[in-house]
Every structure is written in structure tokens, then in C-alpha cells.
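See structure below.
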Amino acid sequence: MAALNLKYLQELGEYMSSGNMLEDFEYSPEERRFEMLEFLETLMDIAEIADETATKMIFKNQLEAMIGASDQK
């Protein structure tokens, strides 16, 4: 099972929102720029998967709650 590292995600969010990532990109060599863009592309792909997973988790719980409520009637 993969570890969940909320602190890393918070630090990554701060790195991007502070403008530091953009500044690093501007002053980095081409190879590093490519690496940064690839990282962000992967992060966006993972964000889509996270959205799908959260939706499934939420709706599964709601469906189970509705089934449980109808079973009690």
C-alpha cells in the first residue's frame, strides 16, 4: 500500500502557488525545464484519477447509506 504524504502535497502546493516553481523554471536549463513540465503533466494526470476515485468513494458511501435506509424500512 502506498503511503499518503499530505505534508509533501502541501509543500508542493506552496512551491507552486508562491511562484517559486515558475521562477525555478525560468532560470533552469532546458533538461530541467522538460523534467518540471513532465512532473506537472503527471501530477495533472494523477489529479484526474484522484477526482474519479473521490467520486467513486463518495457515491459508494451514499449508495450504501441509501441501501441501508431502504433495508431498515
Would you please name every residue forming a side chain to side chain donor-acceptor pair (under 3.5 Å) with Glu14, sequence neighbours left out?
-> none
Would you please name every residue forming a salt bridge (charged side-chain N to carboxylate O under 4.0 Å, His left out) with Lys60, sequence neighbours left out?
-> Glu64
With Glu35, which residues qualify under salt bridge (charged side-chain N to carboxylate O under 4.0 Å, His left out), at least two apart?
-> Arg32
Is there a side-chain contact between Leu40 and Phe25 (heavy atoms, below 4.5 Å)?
-> no
dist Glu11:CD -> Ser18:OG (nearest 0.5 Å) comes out at 12.0 Å
Please report the shortest heavy-atom distance between Met16 and Met21, naming the atom on each side.
-> CG-SD, 3.4 Å
Arg33 meets the salt bridge (charged side-chain N to carboxylate O under 4.0 Å, His left out) criterion, sequence neighbours left out, with none
Can you name the side chain to side chain contact (heavy atoms under 4.5 Å, CB included) partners of Tyr27, sequence neighbours left out?
-> Glu23
For residues 43-52, which side-chain donor-acceptor pairs fall under 3.5 Å, sequence neighbours excluded?
none

Using the rule that two of Ile, Leu, Val, Met, Phe, Trp, Tyr join whenever any of their side-chain heavy atoms come within less than 4.5 Å, decide whether Leu22 and Phe39 are in one cluster.
-> no
Should we say atom CD of Glu26 is surrounded by more than 12 heavy atoms from elsewhere, each under 6.0 Å from it?
-> yes
